[in-house]
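Everything on this sheet refers to the single structure shown next.
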Amino acid sequence: MDSYKYESTTEDWNDFLYCWQKQTFSKLSTQEELYTEYEKEVFSSQKQMFEPASEEDINQLEQTLGVSLPVSYTDFLSATDGWIQLQLDAEDGLLLDSTNVGYLRDKYPEWYDLWAKQQPGEFTKKYVNDYNEQDPATFPPEFLKDAIAISELVDSGLYLLVPNAKEVGDGWEAWFMSSELPGAARFPNFEYLMKFAYIRSMVDEELNFWIVLESLSELSLSCE
């Protein structure tokens, strides 16, 4: 049984992202200074979202990659084809639009080589179903061969979609890889990764990773 089953919709993503960007603008409005180019862009446009990807755009991406992408991610693309993520890692960055998404090994080959050559950690089946007990340093590097990069490589951080990483649901996980962890914070689907990103960027950027992770299952795709 998949206790992390994705049950949201494109409409849910629209509501969540519109609310998030509204809160971001309010937060930036209280700052004495806008420090980064992305902060200035978001403040000026009052948007982190872009035009939605069409069904044709998503089909073309899947054809290029040779995979059927998880619905949690394609619903997101149907709401916004890209996203300005403030505090993606230590710096701001972009979630890529559908024309720029690609395999980690192709988009960031040096970074891929660095992480893929790590010795496999003590990765056991218990981590598949119990994300609260994971250790980012013990991520399974063999899964990176088919990992798909969905964000810019920012500072030391990157968002990935990873197929065949779990035995339940559609098999896909979403990973936040960062040298700051160090390693990979693994999420049961893309929705969980973005809920984590929201809490980290809007609620408390210093909040301990494990505290955030334990609270995710209690959150709907909402920022109210």
Side-chain angles (χ1 to χ4, degrees), residues 1-26 42 45-88 93-102 128-129 131-132 147-151 159-176 185-203 212-224:
M1 180 179 177
D2 186 359
S3 58
Y4 299 100
K5 184 178 179 181
Y6 174 73
E7 296 180 330
S8 298
T9 66
T10 297
E11 290 72 23
D12 293 326
W13 277 107
N14 266 312
D15 292 344
F16 175 60
L17 297 172
Y18 272 115
C19 177
W20 186 347
Q21 71 181 10
K22 182 178 179 180
Q23 290 186 7
T24 297
F25 178 74
S26 296
V42 170
S45 66
Q46 300 186 35
K47 291 182 179 179
Q48 291 168 269
M49 300 175 72
F50 297 91
E51 291 297 314
S54 66
E55 184 176 350
E56 182 179 357
D57 293 332
I58 295 171
N59 289 340
Q60 180 59 56
L61 174 59
E62 292 184 322
Q63 183 177 344
T64 300
L65 296 172
V67 298
S68 294
L69 292 166
V71 178
S72 58
Y73 181 62
T74 58
D75 278 354
F76 166 81
L77 290 177
S78 295
T80 178
D81 196 4
W83 170 258
I84 299 176
Q85 177 59 58
L86 302 186
Q87 297 171 334
L88 189 150
L94 281 178
L95 269 70
L96 301 171
D97 65 73
S98 56
T99 64
N100 286 300
V101 168
V128 172
N129 293 316
Y131 290 90
N132 292 337
I148 295 170
I150 58 173
S151 78
Y159 289 176
L160 300 172
L161 294 178
V162 184
N164 306 314
K166 62 179 182 178
E167 298 175 346
V168 292
D170 59 14
W172 290 82
E173 288 183 341
W175 290 10
F176 169 51
R186 299 169 42 249
F187 299 88
N189 58 49
F190 178 70
E191 177 185 356
Y192 275 75
L193 170 59
M194 290 300 281
K195 290 193 292 186
F196 166 78
Y198 168 75
I199 294 172
R200 192 164 180 265
S201 66
M202 297 305 302
V203 180
V212 175
L213 195 64
E214 289 175 358
S215 68
L216 291 182
S217 60
E218 302 172 2
L219 298 177
S220 61
L221 196 61
S222 170
C223 75
E224 296 296 344

Could you check whether any side-chain N or O of [X] sits under 3.5 Å from a backbone N or O of [Y], counting only pairs where one atom can act as donor and the other as acceptor?
| X | Y | answer |
| --- | --- | --- |
| Asp15 | Tyr18 | no |
| Glu191 | Ser8 | no |
| Thr10 | Ala79 | no |

Least distance between heavy atoms, [X] atom then [Y] atom:
| X | Y | result |
| --- | --- | --- |
| Ala149 | Leu96 | O-CD1, 3.9 Å |
| Ser78 | Pro52 | O-CB, 3.0 Å |
| Tyr159 | Ala197 | OH-CB, 3.4 Å |
| Phe50 | Asp81 | CB-O, 3.8 Å |
| Gly102 | Leu65 | CA-CD2, 4.0 Å |
| Met194 | Gln85 | CE-OE1, 4.3 Å |

Cation-pi check for Tyr198 against Lys195: NZ or CZ below 6.0 Å from the six-membered ring centre and within 45 degrees of the axis, yes or no?
no
So, do [X] and [Y] sit near enough that their side-chain heavy atoms are less than 4.5 Å apart?
| X | Y | answer |
| --- | --- | --- |
| Leu61 | Ile58 | no |
| Met49 | Asn14 | yes |
| Asn100 | Leu94 | no |

Return the set of residues passing ring-ring contact (aromatic ring centres under 6.0 Å, His included) with Phe25 (not counting sequence neighbours), or none when no residue passes.
Phe43
Partner residues of Phe76 under the ring-ring contact (aromatic ring centres under 6.0 Å, His included) criterion, sequence neighbours left out
Trp13, Phe190
Any chance CD of Glu62 has more than 12 other-residue heavy atoms, nucleotides or ligands included, within less than 6.0 Å?
yes
Residue list, side chain to side chain contact (heavy atoms under 4.5 Å, CB included) with Ser45, at least two apart or on another chain:
Lys47
Derivation of the side chain to side chain donor-acceptor pair (under 3.5 Å) call for Glu11 and Thr9:
CA-CA 5 Å; Glu11 290 72 23; Thr9 66; 3.3 Å; yes
